[in-house]
Amino acid sequence: MIMKKLYSALMTAFNEDGSMNDAGTRAMVRYNIDVNHIDGLYIGGSTGEAFMMNTEERKHLFKIAFDEAAGQCDLIAQVGSINLNEAKELADYAVNTIGYKTISAVTPFYYPFNFDQIKYYYDAILEGLDTQLLIYSLPALTGVSLTAEQFGKLFENPKIIGIKFTNADFLLLERVRKAFPDKLIYFGSDEMLLSALVLGVDGAIGSTFNLNAKRVFDEIKAFEAGDNAKALELQHTTNDYIMDVIDNDLYPTIKLLFHEAGVDAGQCSKPMNAPTPEMKAGAAKIYAKYFK
Ligand code: NGF
C-alpha cells in the first residue's frame, strides 16, 4: 500500500452541441474507480472545463460525479470562480446539498487582486461552512503567485488544509513543505511528479492520470521503495506519453484515449477543438504505444 495519494482531474463530457453528456462523465468516473483504482477525483477544475461552464452546469457536474462515485473514492469539488458569489454558492451547494467533505478553489484571477483581497476571497468562501479546502494554485494560467509567507497567512484559517500546487517553482515547493509539514500538498504538474516526490508532496492531482494512473502508481511505489532508477524510467515513459498527448491537443486527446479504452467520453466544449480524423488517428497511435 503506497502512502501518496493519486487523484485524477475528472474530465466533463460534452455533446457536439455543447450540452453536458452525463453518461460520458459517469463512465469516466467509473473507469477511474474500477480500472485505475484511483484514490480520488478532483471535480470541476481546469481539466473539467469548469471555467467555461455556467453555475447550474457546475452544480450538475458535482451532483452526477458524487452520485456515480457513491463513496468509492475521495472527491474534491473545485468551486473557485472570478465571481465570489458564484464560488460561495457552489461551495454551499457542494457541501450542504450534496455532501462533499472537501472543496478547493482556484485563486481569483484576471484582475490583479492584492493578497488581502485573495485572503478575503478564501475566508468568504469558507464562512459558515463545515468543510475543508485546498487552495488551487496555478500561476501559469491565473497569473497569481503566492509566497510561502502568504500561504502561511491563508493557513491561519484552520479550514484550509493544503494546496493543489500546479507550479514548477521547486524552491517555493521546498519552502512551503518545510514551513508547513502538517499541510497537504498535492502536486499538479504531472510531468514533474518525481522531482516533487523528492520534496515530500503528499500526492498528485492531474489530467493525465485518467489513462496513465497505473504507470504513475508504479512510479510512486518504486520511489517509496527507494528504487529511484525505476521511478525515473517510469517518469520518462510518462513524459513521452504526455508530450505525445500535448502534441495531439491535450484535453480532446485524453477524451479520445478514453474512447480507445472503450469509454465514450464525449468531446470538449467550444472553443476547444472538436476531434478531427487526424486527432483520432493520433490518439489511436498513442493508445497503442502506451497502453496495449
Ligand atoms: O491542465 C492543467 C493546466 N494542469 C493539470 C492539472 O494540474 C490541472 C495537469 O494535470 C488539474 O488537475 C485540474 O484543475 O483539473 C496538466 O494537464 C498535465 O501536467 C499536463 O501538462 O495547467
Side-chain angles (χ1 to χ4, degrees), residues 5-14 25 28-29 32 36 38-53 58 61-62 65 73-82 87 90 94 102-109 133-145 162-170 173 184-197 201-213 215-216 219 235-258 265 268-269 272-273 286 290:
K5 295 229 176 182
L6 200 62
Y7 287 72
S8 286
L10 184 69
M11 311 206 92
T12 310
F14 293 94
T25 302
M28 289 188 278
V29 171
N32 269 294
N36 289 338
I38 206 76
D39 292 306
L41 292 169
Y42 189 80
I43 297 152
S46 317
T47 307
E49 299 170 54
F51 303 113
M52 299 187 292
M53 290 162 66
R58 291 180 68 178
L61 174 64
F62 291 159
C73 69
D74 292 347
L75 297 175
I76 302 172
Q78 197 293 121
V79 303
S81 169
I82 185 69
L90 288 170
T102 308
I103 60 173
S104 179
V106 72
T107 50
F109 50 92
L133 178 142
L134 278 181
I135 299 159
Y136 183 6
S137 178
L138 175 72
L141 295 187
T142 60
V144 180
S145 294
I163 311 167
K164 169 165 156 42
F165 191 98
T166 303
N167 188 348
D169 184 340
F170 285 105
L173 178 59
L184 292 170
I185 306 178
Y186 291 116
F187 196 63
S189 293
D190 312 358
E191 302 84 331
M192 293 172 252
L193 177 59
L194 184 55
S195 314
L197 289 173
V201 296
D202 299 283
I205 300 172
S207 66
T208 64
F209 309 144
N210 277 285
L211 274 297
N212 195 44
R215 191 172 280 116
V216 179
E219 172 181 330
Q235 184 75 60
H236 282 320
T237 310
T238 281
N239 288 0
D240 291 343
Y241 158 66
I242 295 176
M243 296 303 115
D244 285 350
V245 172
I246 289 173
D247 283 350
N248 203 60
D249 201 346
L250 180 64
Y251 297 146
T253 299
I254 297 177
K255 286 180 182 167
L256 288 170
L257 291 172
F258 267 121
C268 293
S269 58
M272 287 198 184
N273 290 323
I286 294 169
Y290 297 101

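Indexing begins at 1, ligand by ligand and atom by atom, following the structure's order.
- Residues that satisfy the side chain to side chain donor-acceptor pair (under 3.5 Å) test with Ser8, not counting sequence neighbours, are Asn32.
- Sorted by chain then number, the residues whose non-hydrogen atoms approach ligand 1 to under 4.0 Å are Ala9, Tyr42, Gly45, Ser46, Thr47, Tyr136, Leu138, Leu141, Lys164, Thr166, Gly188, Ser189, Asp190, Glu191, Ile205, Gly206, Ser207, Ile246, Leu250, Tyr251.
- No donor-acceptor contact under 3.5 angstrom links the side chains of Asp190 and Thr238, judged on distance only.
- With sequence neighbours left out, the ring-ring contact (aromatic ring centres under 6.0 Å, His included) criterion links Tyr241 to Tyr290, Phe291.
- Among Leu194, Ile163, Leu173, the single residue meeting the side-chain contact (heavy atoms from CB on, under 4.5 Å) criterion with Phe187 is Leu173.
- No side-chain N or O of Thr142 forms a donor-acceptor pair with one of Tyr136 less than 3.5 Å apart.
- Checked against side-chain contact (heavy atoms from CB on, under 4.5 Å), Thr102 has the following partners two or more places apart in sequence or in another chain: Ile76, Gln132, Ile161.
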